[in-house]
Amino acid sequence: MIQVKSLYKEFAGKEVIKGIDATFEAGKTNLIIGRSGAGKSVFVKCMIGLIQPDKGEILFDGRDITQMDKPELLRLRREMGMLFQGSALFDSMTVIENVLFPMEMFSSDSYDKSHHRALELLDRVGLADAADKYPAEISGGMMKRTAIARAIALNPKYLFCDEPNSGLDPKTSTVIDQLIYEITKEYNITTIVNTHDMNSVHAIGDKIIYIHHGIKEWEGTSADLSQPNLPESVVHFINAGRL
Ligand SMILES: Nc1ncnc2c1ncn2[C@@H]1O[C@H](COP(=O)(O)OP(=O)(O)OP(=O)(O)O)[C@@H](O)[C@H]1O
């Protein structure tokens, strides 16, 4: 679980995050939505320790990332998986080499054990037959699956996904959303997804927080989006389709 308490951040006197409180539970896909410039990226960067907030706490199962020194931060980062926009694969490595990469860098397991795990992960994301292909030889959706397998290679407790559907067609986006959703449940990961994709919001939003001008203006589930009495800015946002 990640708890954010009373988080503030300003740049050169301009407040960008204005006192956000939020709780993100394990085994849930937690979506962060809001218009461009609302503060979503700054919020997520504070969460992963890339930006130091001015005030507030960010507790990873009770451990406050804002108070950590460098070694503690690096240890906590090992518990985080990251899925970047695009897929950020190494073009010169095969699919399985990409998945093996974090294990070879950060795990003390033998090559055989890591290789076995990489094969299991590729099987899980439906890529068992593509292990020896290079990124240039596979589709965007397959690249994203590879990136998901790599992101969970070290058994993360927390998974951060930045615009996981960017560049994918709607059908592939649905498949990727579903994969993120299933993996979150299977491995009991606390998953945070920064997204503009309204289909994702409706399909996999176990928890959604809507940020508007640096304030959490609404939170709920995808089912709650059809309730009356939503704040006007949220209704606007939903109706805009593309946010
Ligand atoms: N390093 C920085 N220095 C100064 N201002 C910044 C910095 N990073 C972000 N900002 C400002 O903070 C505000 C929020 O930016 P942020 O990138 O979090 O928005 P966003 O909601 O992620 O937008 P988008 O959906 O377009 O990515 C913007 O006004 C932006 O210009």
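Both counts, for ligands and for their atoms, begin at 1 and track the order of listing.
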Who's the nearest protein heavy-atom neighbour of [atom], and how far?
{"atom": "atom 26 (O) of ligand 1", "value": "Ser36 OG, 2.5 Å"}
{"atom": "atom 6 (C) of ligand 1", "value": "Phe11 CD1, 3.4 Å"}
{"atom": "atom 27 (O) of ligand 1", "value": "Ser41 OG, 3.7 Å"}
{"atom": "atom 29 (O) of ligand 1", "value": "Lys14 NZ, 2.8 Å"}
{"atom": "atom 25 (O) of ligand 1", "value": "Lys40 NZ, 2.8 Å"}
{"atom": "atom 12 (O) of ligand 1", "value": "Val16 CG1, 3.2 Å"}

*When only distance counts, is Gly37 in polar contact with ligand 1, meaning an N/O pair under 3.5 Å?*
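N/O-N/O distance below 3.5 Å exists for this pair.
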
Checking [X] side chain against [Y] main chain: does a donor-acceptor pair fall under 3.5 Å?
{"X": "Ser87", "Y": "Leu89", "value": "no"}
{"X": "Lys207", "Y": "Thr23", "value": "yes"}
{"X": "Lys185", "Y": "Gly27", "value": "yes"}
{"X": "Thr94", "Y": "Asp132", "value": "no"}
{"X": "Asp197", "Y": "Asn165", "value": "no"}

*For ligand 1, is His196 a contact, meaning one of its heavy atoms is under 4.0 Å away?*
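The answer is yes: ligand 1 sits under 4.0 Å from a heavy atom of His196.
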
_I'd like to know if Gly39 contacts ligand 1, where contact means a heavy-atom distance under 4.0 Å to any ligand atom._
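The answer is yes: ligand 1 sits under 4.0 Å from a heavy atom of Gly39.
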
_At under 4.0 Å between heavy atoms, is it the side chain or the backbone of Val42 that contacts ligand 1, or both, or neither?_
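For Val42, the contact with ligand 1 is made by both the backbone and the side chain.
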
*Phe24 six-ring centre to Lys28 NZ/CZ under 6.0 Å and within 45° of normal*: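 The answer is no; the distance or angle limit is not met.
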
*Answer with yes or no whether the side chains of Asp206 and Asn30 bring together a donor and an acceptor at under 3.5 Å.*
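Note: Asn30 and Asp206 side chains miss the donor-acceptor criterion.
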
_Selection residues 125-153 - residue pairs positive for ring-ring contact (aromatic ring centres under 6.0 Å, His included), sequence neighbours left out_ =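 Every candidate ring-ring contact (aromatic ring centres under 6.0 Å, His included) pair involving residues 125-153 fails, so no pair, neighbours aside, qualifies.
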
*What atoms of ligand 1 come closer than 4.0 angstrom to any heavy atom of Arg35?*
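In order of numbering, the contacting atoms are 21 (O).
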
